[in-house]
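Please read all numbers here as calculations on a predicted model, not as lab measurements. Below, each value reflects all heavy atoms present in this structure, side chains not excepted, and no hydrogens, waters or symmetry copies.
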Amino acid sequence: MRAALWFLALFGIAVAMALFAGNNQGTVTLFWPPYRIDLSLNMVLLLLVGGFVVLHAALQALAALFEMPHQARRWRLQQKERAMHGALLDAMTHLLSGRFVRASKAAEAALAQEQSLSASAHYGGAGLQLRTLAHLVAADGAHALQDRNRRDEHLRQALEETALRQNAQTQELHEGAQLRSARWMLDDRDASGALARLEELPQGASRRTIALRTRLKAARLAGQTLMALETARLLAKHRAFSTAAAQSIVRGLAAELLNSAHDPAQLQQVWQQLDPAERQMPELALQAAHRLSQLGGDDAHARHWLLPVWERMVSLPDSLPEHLQQKLVEALENSMESLDAPWLARIENAQQANPRNARLEYLAGVACLKRQLWGKAQQLLTQASQHLEAGPMQRNAWRALALLAERRGDEPAAAAAWRNAALCP
């Protein structure tokens, strides 16, 4: 459509020129005493147009002639810039491929090229970003080669280049250099230095996934379990790990924090610092109860922590692994001396609701034994000993039956029970 319009316009111009020039009788007379020159108007117009074209072409040629030195200077500058960028790309390529010596040399060559270019008044490239990246690549190569002095020197220059933070890109480079230096310090097992470098980051940068991962490793290396746990929670919130991995990491750090308590009061304080979801984890509740028992704490607190695990085992036994059920029964057995009436009722109701559960039979039998209900204890322990898996719990059941048999004077039954207890692994 556009081409058709152009053709129509050209035809219109041609028709107008033909109409104007075909019957144009006008003349132009020039007087130059003693001469007189008569020219047709069409010729004058043609001469004016031709003169304008020639003059314009001459001016363009003259401008191009004077521009040639500037073009040559720009061409040389472009060649140097290309060499500089090529050196930086080579440095990054060598760094990724593990050729650290070549990477450092290529980065230093890029820095030398940039320094020569910065002296030129016509250089307007991204010199700050390129210098910072080159320093970081050189420092990374030196770090891989264990040349800490050269690494620290390049890092210092990179931080100085971006210290003013003139724009967003410069700030990003500065934060990247700080993150990189924190990871280098972590590789050197300098946890305090890595944490100090991370503390210098702005709030937004310090909550990035890479910064949180570095903080987690540094906190664990420094033995700051509480900080590591808080960082792991943030990483789990940001979905930096899978659900199973996040739960495993948080559970392990929380268990380590519980084990670090040195008295019952400190243990209770640590327990309150855990999130409600973490306090619902069976492994942590069992760990806290076990640690409280080791520290000589109140068994009532331990049973209070174990109550959610108990309710889960009673209501949904398949949701709780076998080894955790066994640990729960052992923990309640250890606190049987101070067991209160509500817990006795819970154990009795749970055993009656699940008469085929050997662990509940065993726990109810031990509870009856502690309360001197000899007949009921013998009945429950006898049933439990037949169904329990071979292990410490079955051995304890046979030992209790042996003691009950000795108490009533049944020597053959006591001997058989002791023999069964001895045969348990």
Side-chain angles (χ1 to χ4, degrees), residues 74-120 122-191 193-198 200-201 205-206 208-218 221 240:
R74 284 197 297 269
W75 182 83
R76 289 193 297 269
L77 188 63
Q78 288 176 357
Q79 293 302 314
K80 290 182 180 180
E81 287 183 0
R82 289 173 182 174
M84 176 183 61
H85 289 115
L88 181 59
L89 290 175
D90 290 341
M92 298 180 71
T93 303
H94 291 317
L95 183 65
L96 292 175
S97 61
R99 307 178 80 106
F100 303 114
V101 176
R102 294 188 180 184
S104 298
K105 290 182 178 179
E108 291 173 355
L111 287 171
Q113 289 281 354
E114 200 282 331
Q115 187 176 4
S116 65
L117 281 172
S118 61
S120 174
H122 299 278
Y123 176 57
L128 176 61
Q129 298 179 30
L130 190 140
R131 285 195 304 271
T132 306
L133 289 175
H135 281 304
L136 289 177
V137 172
D140 217 342
H143 171 73
L145 297 172
Q146 298 296 314
D147 189 351
R148 293 184 176 85
N149 293 330
R150 192 153 60 92
R151 179 200 69 186
D152 293 340
E153 178 61 22
H154 281 292
L155 176 62
R156 181 188 64 79
Q157 295 183 30
L159 292 175
E160 288 179 355
E161 292 285 350
T162 57
L164 297 179
R165 304 183 183 183
Q166 300 173 354
N167 50 42
Q169 292 180 345
T170 306
Q171 184 175 355
E172 292 288 339
L173 282 173
H174 190 80
E175 294 168 358
Q178 289 177 314
L179 284 171
R180 200 65 179 170
S181 65
R183 295 174 65 185
W184 293 336
M185 291 178 182
L186 193 60
D187 292 340
D188 294 340
R189 313 295 292 178
D190 185 6
L195 290 174
R197 184 69 72 182
L198 291 172
E200 297 175 1
L201 290 171
S206 62
R208 295 172 187 167
T209 301
I210 183 64
L212 292 175
R213 285 180 181 272
T214 306
R215 185 184 298 275
L216 175 61
K217 295 178 181 179
L221 182 62

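The backbone N or O of A139 sits nowhere less than 3.5 Å from a side-chain atom of H143 that would complete a donor-acceptor pair.
One distance of note links CE of M185 with CZ of R197; it measures 4.5 Å at 0.5 Å rounding. Separating the CG atom in N149 from the NE2 atom in H154 is a distance of 11.5 Å, to the nearest 0.5 Å. Atom CG of L179 sits about 5.0 Å away from atom CG of L201, to the nearest 0.5 Å. One distance of note links CZ of R213 with NZ of K217; it measures 7.5 Å at 0.5 Å rounding. For the atom pair CZ of R131 and CG of L88, the computed distance is 12.5 Å after rounding to the nearest 0.5 Å. For the atom pair CG (L159) and CG (L155), the distance works out to 4.5 Å, reported to the nearest 0.5 Å.
Of all the heavy atoms in A106 and A87, the pair that sits closest is CB-O, 3.6 Å. Shown here for A134 and A107, the closest heavy-atom pair between the two residues is O-CB, 3.5 Å. The two atoms that bring A218 and A194 nearest to each other are CB-CB, 4.2 Å, heavy atoms only. When all heavy atoms of A103 and V137 are compared, the closest pair comes out as O-CG1, 4.3 Å. Across G141 and F100, no two heavy atoms sit closer than the pair O-CB, 3.8 Å.
Judged as a salt bridge (Lys or Arg N to Asp or Glu O under 4.0 Å), the pairs with a partner in residues 140-149 (not counting sequence neighbours) are, in order, D140-R180, D147-R150, R148-D188.
A donor atom on one side chain and an acceptor atom on the other are found under 3.5 Å apart for E153 and Q157.
Checked against side chain to side chain donor-acceptor pair (under 3.5 Å), D90 has no partners two or more places apart in sequence or in another chain.
You'll find the side chain of Q171 stays beyond 4.5 Å of the side chain of H174, heavy atoms only. Within the 4.5 Å cutoff, no side-chain heavy atoms of T162 are placed close to those of H135. M92 has its side chain out of reach of L133: every pair of non-hydrogen atoms, C-beta onward, lies at least 4.5 Å apart.
No more than 12 heavy atoms of other residues, nucleotides or ligands lie within 6.0 Å of CZ in R189, so this atom counts as exposed by the packing criterion. Residue R151 qualifies as enclosed at atom CZ: its count of foreign heavy atoms under 6.0 Å is above 12.
Just one residue in the list E81, E114, Q113 forms a side-chain contact (heavy atoms from CB on, under 4.5 Å) with L130, and that residue is E114.
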